[in-house]
Structure formats: C-alpha cells, structure tokens
Amino acid sequence: MPYVLVSTQIRLVTFHKLPTISWETGPTMVGDEYSDPAIMNYLGARKTTMLGNNFSEYHVDDSPRLVLDKLEKIGFRVVTMTGVGQTLVWCMYKETDCIT
C-alpha cells in the first residue's frame, strides 16, 4: 500500500499563572483497519475501535513530526497536508516497484 494518512487534533493550551500559550497535539492517527500491519508495527501503533464506530484505527502517542520522520526513513514522502478545523492531516506516498 503506497499511501498513508497521518492526522492529529490540535488544542490551544494556556497556562493561568504564566503568560505562555502552547499547542497540544495527539494522539496521532496513523492508519485504518486496512493499513499495512508491518508499517503499523514499525510505528508502534495500537489498533483501537471507538465506542459506536464500526471501524478501527491505528494510533500512536508520538507527535506527528516524529511519525513523519519515521515514515521518511522507510521511503515515504509528504504529498500534501491540510488543516480542517482543529484537525491536521498529512498524505504520504511511497514509490513501489510495479511489475505488470
């Protein structure tokens, strides 16, 4: 499977005693129930099914940057990235050798 979708939700966090604002991310979603098990194992992902959903997703505790770095090491590259509300999504692609 040459495509992987990586996504996370971001939240703005303010600290009441400090004049600091930071972003909190996570967890990072790295695949669905049809994702390549070898890649999910490499990322250390766990397969979960949220209550009420009839599908499963793979999640990791790593930040998206760490996930993107790991996928780049095995040949994936970012094709596109977008933000939808508080969700960030990266589409990654890996060239495969096709014999037809």
Side-chain angles (χ1 to χ4, degrees):
M1 294 183 195
Y3 286 95
V4 173
L5 290 177
V6 177
S7 70
T8 194
Q9 291 187 344
I10 58 171
R11 293 171 295 283
L12 184 62
V13 179
T14 57
F15 299 98
H16 299 288
K17 296 189 181 214
L18 300 172
T20 305
I21 297 175
S22 66
W23 292 100
E24 179 182 286
T25 61
T28 305
M29 196 278 288
V30 294
D32 62 16
E33 58 196 338
Y34 304 108
S35 296
D36 184 336
I39 295 171
M40 298 299 108
N41 186 51
Y42 169 74
L43 294 173
R46 63 190 178 282
K47 190 176 183 180
T48 59
T49 303
M50 299 290 284
L51 184 63
N53 288 348
N54 61 354
F55 59 90
S56 299
E57 297 174 318
Y58 283 94
H59 295 88
V60 296
D61 291 327
D62 291 338
S63 69
R65 184 186 61 79
L66 293 175
V67 173
L68 298 177
D69 287 349
K70 286 180 180 179
L71 289 170
E72 182 183 38
K73 287 180 183 177
I74 60 171
F76 283 88
R77 62 182 173 83
V78 174
V79 176
T80 189
M81 183 269 180
T82 190
V84 181
Q86 290 182 299
T87 301
L88 301 174
V89 181
W90 293 263
C91 177
M92 302 193 70
Y93 180 76
K94 181 178 181 178
E95 296 287 337
T96 57
D97 296 329
C98 296
I99 299 174
T100 56

>> If the condition is salt bridge (Lys or Arg N to Asp or Glu O under 4.0 Å), which residues does Asp32 pass it with, not counting sequence neighbours?
In response: none

>> Test side-chain contact (heavy atoms from CB on, under 4.5 Å) on Val4 and Phe76; report intermediate values, then the result.
In response: CA-CA 8 Å; Val4 173; Phe76 283 88; 3.5 Å; yes

>> Once rounded to the nearest 0.5 Å, what's the spacing between atom OG of Ser35 and atom CG of Asn41?
In response: 13.0 Å

> Between Pro2 and Thr96, what is the shortest heavy-atom contact and its length?
Replying inline: CB-CG2, 4.1 Å

>> Testing the basics here: between Ala45 and Val60, what is the closest heavy-atom pair and its distance to 0.1 Å?
In response: CA-CG1, 3.5 Å

> Which heavy-atom pair separates Cys91 from Tyr3 by the least distance, and what is that distance?
Replying inline: SG-CD2, 3.8 Å

>> Working to the nearest 0.5 angstrom, can you tell me the gap between Tyr34 OH and Tyr58 OH?
In response: 11.5 Å

> Other than Leu5, what residues sit in its cluster of Ile, Leu, Val, Met, Phe, Trp and Tyr side chains whose heavy atoms are under 4.5 Å apart, directly or through others?
Replying inline: Val89

> With Tyr42, which residues qualify under ring pair (Phe, Tyr, Trp, His ring centres under 6.0 Å), at least two apart?
Replying inline: none

>> If I compare all heavy atoms of Thr87 with all of Gln9, which pair ends up nearest, and what's the gap?
In response: OG1-CG, 3.7 Å

> Quick one: side chain to side chain donor-acceptor pair (under 3.5 Å) partners of Thr48, sequence neighbours excluded?
Replying inline: His59

Donor-acceptor contacts under 3.5 Å from residues 64-73 side chains, at least two apart:
unit_1, atom_1, unit_2, atom_2, d
Arg65, NH1, Asp69, OD2, 3.2
Lys70, NZ, Asp62, OD2, 2.8

> Cluster question for you: counting only ILVMFWY and a side-chain heavy-atom cut-off of under 4.5 Å, with indirect links fine, are Ile39 and Trp90 together?
Replying inline: yes

> salt bridge (Lys or Arg N to Asp or Glu O under 4.0 Å): which pairs involve residues 39-57, sequence neighbours left out?
Replying inline: Arg46-Asp61

> Is there a side-chain contact between Arg77 and Tyr93 (heavy atoms, below 4.5 Å)?
Replying inline: yes

> What closest approach, in Å, do Leu88 and Met81 show between heavy atoms, and which atom pair accounts for it?
Replying inline: CD2-CE, 3.7 Å

